[in-house]
Visitor: 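This structure is in structure tokens; I'll ask about it shortly.
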Amino acid sequence: FKVETENGGSEAFVAESVKRSPADLNTVLVSGTKWTNYISADKGATWKRVRQRSNIHTVIFHKIRPTWMLLSSWSYACGKNMGRKNV
């Protein structure tokens, strides 16, 4: 689907995962390609871009606290050391 950009245009968005908060079923997080993530507090009627500079790999919403969420991510620098041995 397409999303509006900050400058008034639109761009294609491909969702890779959708997570819903068990504490507040109105809250939904959509993670997409190119490190783009959106969160909605009204079941998807409106969306706000999540300002995260790296790709979100794991999302865990708190079971009873609706404003708590744990994110796991990797930055570009993490990948630079892949395959290297510590000496």
Side-chain angles (χ1 to χ4, degrees):
F1 60 93
K2 291 194 177 206
V3 294
E4 291 182 17
T5 60
E6 293 175 356
N7 63 4
S10 65
E11 64 183 29
F13 177 79
V14 177
E16 291 185 341
S17 70
V18 178
K19 299 282 185 171
R20 179 180 269 179
S21 169
D24 179 4
L25 298 180
N26 293 319
T27 302
V28 181
L29 179 84
V30 177
S31 297
T33 58
K34 300 182 183 177
W35 299 358
T36 307
N37 307 282
Y38 292 90
I39 193 159
S40 174
D42 54 12
K43 294 184 181 179
T46 60
W47 295 92
K48 182 177 181 181
R49 188 171 181 168
V50 176
R51 298 290 177 193
Q52 175 68 18
R53 292 183 183 219
S54 57
N55 194 6
I56 296 174
H57 291 279
T58 305
V59 176
I60 302 171
F61 283 100
H62 197 279
K63 291 181 181 181
I64 60 173
R65 298 194 185 265
T67 59
W68 288 17
M69 177 173 61
L70 178 67
L71 301 175
S72 170
S73 66
W74 289 83
S75 70
Y76 173 74
C78 294
K80 288 173 63 174
N81 293 323
M82 297 293 287
R84 289 188 182 176
K85 294 181 180 179
N86 293 333
V87 272

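Because only heavy atoms are used, hydrogens play no part in the values below, and waters and symmetry mates are left out as well, while side chains stay in. Throughout, numbering of the chain's residues begins at 1 and tracks the sequence. All figures in this text were calculated on a predicted structure; none of them were measured in a lab.
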Visitor: Can any side-chain N or O of Ser40 pair as donor or acceptor with the backbone N or O of Thr46 at less than 3.5 Å?
Guide: yes
Visitor: Which residues satisfy the side chain to side chain donor-acceptor pair (under 3.5 Å) test with Ser31, sequence neighbours excluded?
Guide: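 Scan of Ser31 (side chain to side chain donor-acceptor pair (under 3.5 Å), adjacent residues dropped) gives Asn37.
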Visitor: Can you name the residues that form a side chain to side chain contact (heavy atoms under 4.5 Å, CB included) with Ser72, not counting sequence neighbours?
Guide: Thr58
Visitor: Please report the interatomic distance CG(Leu29) to OG(Ser17), rounded to the nearest 0.5 Å.
Guide: 7.0 Å
Visitor: Taking all non-hydrogen atoms of both residues, which atom of Leu25 and which atom of Lys43 are closest, and how far apart?
Guide: O-CG, 4.0 Å
Visitor: Could you go through residues 62-69 and list every donor-acceptor pair under 3.5 Å that involves a side-chain atom there, pairing it with any protein atom two or more places apart or in another chain?
Guide:
residue : atom : partner : partner atom : Å
His62   : ND1  : Ile64   : N            : 3.1
His62   : ND1  : Arg65   : N            : 3.1

Visitor: Going hydrophobic residue to hydrophobic residue with side-chain gaps under 4.5 angstrom, can you get from Trp47 over to Val18?
Guide: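 Yes, Trp47 and Val18 fall within the same hydrophobic cluster.
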Visitor: To the nearest 0.5 angstrom, please state how far the CZ atom of Arg20 sits from the CG atom of Asn26.
Guide: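 The CZ atom of Arg20 sits 8.0 Å away from the CG atom of Asn26.
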Visitor: On a heavy-atom basis, which atom in Ala15 and which in Val30 lie closest, and how many Å separate them?
Guide: CB-CG1, 3.5 Å
Visitor: Evaluate the criterion side chain to side chain contact (heavy atoms under 4.5 Å, CB included) for residue pair Asp24 and Phe61; output intermediate values, then yes/no.
Guide: CA-CA 9 Å; Asp24 179 4; Phe61 283 100; over 6 Å; no
